[in-house]
Trainee: 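If you scroll down you'll find the structure; I have some questions about it.
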Amino acid sequence: MAVMPLILFCGALALAGLLALAFTVLSCVWLYRDSRLHGQPPALWVLLAVFAGPIIALLLYFIFGRKQPLEPCENCGAPLTRADRFCSACGAANSHYGEPAPKTKLSALGKAAVACGLVSMLCMAGLLVGMFVFAFSAGSTPLVTTGGSTIVASLPIESAMDVNSGWVIMSTQGHRNGVWTFSMSKTSDGYHKSGRFSLDDPHSRILAVDVTCEGETLELDFVQNGETVRTETISGADSVQYFSLADLAPGEVKLRVVNHGATDISGRIWVE
């Protein structure tokens, strides 16, 4: 993964995070002010927004909590709604009883909260779309050797799903024209990606590995029947590396690229 896409990704992610934080803060402030005007416990709605999320809190507030706004009694100033026939404090009749409550427009604070929330969601959606586009474009890049000639794969290698317990930043994987491709920007120690192919004649086939990376060690495991037959170090080479398959048995072979401190990994593996 190139440095510039990673910087753009991190920048967009940071912007989305800041906007989401602003949306949460503004929503809490608006909930506090508006719930007081509608006779609701403001602390309860603010806590709900913090722990359950502002979107859930706002939905619940508009459905269940936002009742008629409070107005001061004309006689004593105690708060009451237009659904109250008499003031509970002084007993005076409510002159606005039964009248529809005036429609209130969304305040500037509420509009700012909505704007931050919408922009934050748009940023996150853009990040997801960008990741899919990058993964598709990375998998569809013309595959050539370091010498410039087109790669000819004798046996197709497909990417395989694998279970990882670590973490990875900016990772792609795919296969095209029988060539397995992968990339990883940074990962935890031991993070791996896998591919597989069906080996017909071990003595007449050879595995080609074209990998570029920075940092420490990148290893390739040859796995058959759930056991690692052998492990090769594939980092540090300046050209395509070739590995014999003579020690493997005919049948399915699993290739596992295991990272031990390497960064900016980009590779492709095929069988000749």
Side-chain angles (χ1 to χ4, degrees), residues 1 5 128 130-146 150-213 215-237 240-272:
M1 179 66 61
L128 290 176
M131 291 175 65
F132 279 114
V133 171
F134 177 82
F136 178 79
S137 62
S140 61
T141 302
L143 299 171
V144 295
T145 63
T146 52
T150 303
I151 293 174
V152 178
S154 300
L155 299 176
I157 303 181
E158 297 181 350
S159 56
M161 297 298 295
D162 226 343
V163 178
N164 276 285
S165 59
W167 53 268
V168 62
I169 298 177
M170 299 299 288
S171 169
T172 64
Q173 173 169 272
H175 53 273
R176 181 180 175 86
N177 298 333
V179 180
W180 174 37
T181 63
F182 53 88
S183 67
M184 296 175 280
S185 178
K186 290 184 180 181
T187 77
S188 58
D189 185 69
Y191 192 92
H192 54 273
K193 284 189 173 294
S194 297
R196 62 188 175 193
F197 67 98
S198 182
L199 181 61
D200 51 0
D201 185 359
H203 296 281
S204 64
R205 302 297 187 186
I206 191 170
L207 189 76
V209 178
D210 182 16
V211 173
T212 59
C213 64
E216 300 183 23
T217 306
L218 190 67
E219 295 180 339
L220 177 65
D221 292 338
F222 295 79
V223 181
Q224 278 193 311
N225 300 319
E227 296 184 359
T228 302
V229 178
R230 84 172 185 270
T231 300
E232 301 283 355
T233 299
I234 58 176
S235 54
V240 179
Q241 304 172 75
Y242 294 94
F243 299 99
S244 171
L245 302 175
D247 57 337
L248 303 179
E252 184 172 286
V253 178
K254 184 176 182 179
L255 301 173
R256 187 165 54 209
V257 175
V258 185
N259 186 24
H260 295 291
T263 60
D264 297 323
I265 302 165
S266 178
R268 47 200 175 187
I269 300 177
W270 66 98
V271 178
E272 294 184 354

Trainee: Under 3.5 Å, is there a donor-acceptor pair between the side chain of S266 and the main chain of T212?
Mentor: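 Checked: no pair found.
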Trainee: Please report the closest heavy-atom contact between A208 and V240, naming both atoms and the distance.
Mentor: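 So the two residues come closest at CB-CG1, 4.1 Å.
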Trainee: D264 and S185: side chain to side chain contact (heavy atoms under 4.5 Å, CB included), yes or no, with the steps?
Mentor: CA-CA 4 Å; D264 297 323; S185 178; 3.9 Å; yes
Trainee: Taking all non-hydrogen atoms of both residues, which atom of H203 and which atom of A246 are closest, and how far apart?
Mentor: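 In terms of heavy atoms, the two residues are closest at ND1-CB, 3.8 Å.
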Trainee: Could you state the interatomic distance from CD1 (I206) to OH (Y242), rounded to the nearest 0.5 Å?
Mentor: 7.5 Å
Trainee: Can you find a heavy atom in the side chain of F222 that is under 4.5 Å from one in the side chain of F243?
Mentor: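 Heavy-atom side-chain distance check passes, below 4.5 Å.
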Trainee: For residues L207 and L255, determine if any side-chain heavy atom of one lies less than 4.5 Å from a side-chain heavy atom of the other.
Mentor: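 A side-chain contact exists here, since the closest heavy-atom pair is under 4.5 Å.
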Trainee: Do S183 and T172 have side-chain atoms, one donor and one acceptor, less than 3.5 Å apart?
Mentor: yes
Trainee: Stepwise, does the side chain to side chain contact (heavy atoms under 4.5 Å, CB included) test hold for D162 with K254?
Mentor: CA-CA 11 Å; D162 226 343; K254 184 176 182 179; 3.3 Å; yes
Trainee: How many angstroms lie between OG1 in T187 and CE in M170, if you round to the nearest 0.5 Å?
Mentor: 14.5 Å
Trainee: Could you walk me through whether H175 and E158 pass the side chain to side chain contact (heavy atoms under 4.5 Å, CB included) test, one step at a time?
Mentor: CA-CA 6 Å; H175 53 273; E158 297 181 350; 4.2 Å; yes
Trainee: Nearest 0.5 Å, what's the OG1-CZ distance between T181 and R176?
Mentor: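 Result: 10.0 Å between the selected atoms.
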Trainee: If every non-hydrogen atom of Q241 is compared with every non-hydrogen atom of I234, which pair is closest and at what distance?
Mentor: NE2-O, 2.8 Å
Trainee: Under the criterion side chain to side chain contact (heavy atoms under 4.5 Å, CB included), I'd like the reasoning laid out for I269 against V257: C-alpha separation, chi angles, the key distance, then a yes or no.
Mentor: CA-CA 10 Å; I269 300 177; V257 175; 4.2 Å; yes
Trainee: Any idea which heavy atoms bring S235 and T217 closest together, and the distance?
Mentor: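 For S235 and T217, the tightest heavy-atom pair comes out as OG-CA, 3.6 Å.
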Trainee: Please report the shortest heavy-atom distance between V179 and A153, naming the atom on each side.
Mentor: CG2-CB, 4.3 Å
Trainee: S171 and M184: which non-hydrogen atoms are nearest, and at how many Å?
Mentor: OG-CG, 4.0 Å
Trainee: When you measure from the side chain of Q173 to the backbone of K193, do you find a donor-acceptor pair of N or O atoms at a distance under 3.5 Å?
Mentor: no
Trainee: With heavy-atom distances below 4.5 Å as the criterion, would you say the side chains of V271 and W180 are in contact?
Mentor: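 No. Closest side-chain heavy atoms not under 4.5 Å.
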Trainee: With a 4.5 Å heavy-atom cut-off, do S154 and R205 have their side chains touching?
Mentor: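 Yes - at least one pair of side-chain heavy atoms lies under 4.5 Å apart.
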Trainee: Atom CG in N259, atom CD1 in I265: separation rounded to 0.5 Å?
Mentor: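 That separation rounds to 3.5 Å.
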Trainee: Roughly how far, to the nearest 0.5 Å, is OG of S204 from CD of E272?
Mentor: 12.5 Å
Trainee: Which distance, rounded to the nearest 0.5 Å, do you find between the NE2 of H192 and the CG of L220?
Mentor: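 It comes to 12.5 Å.
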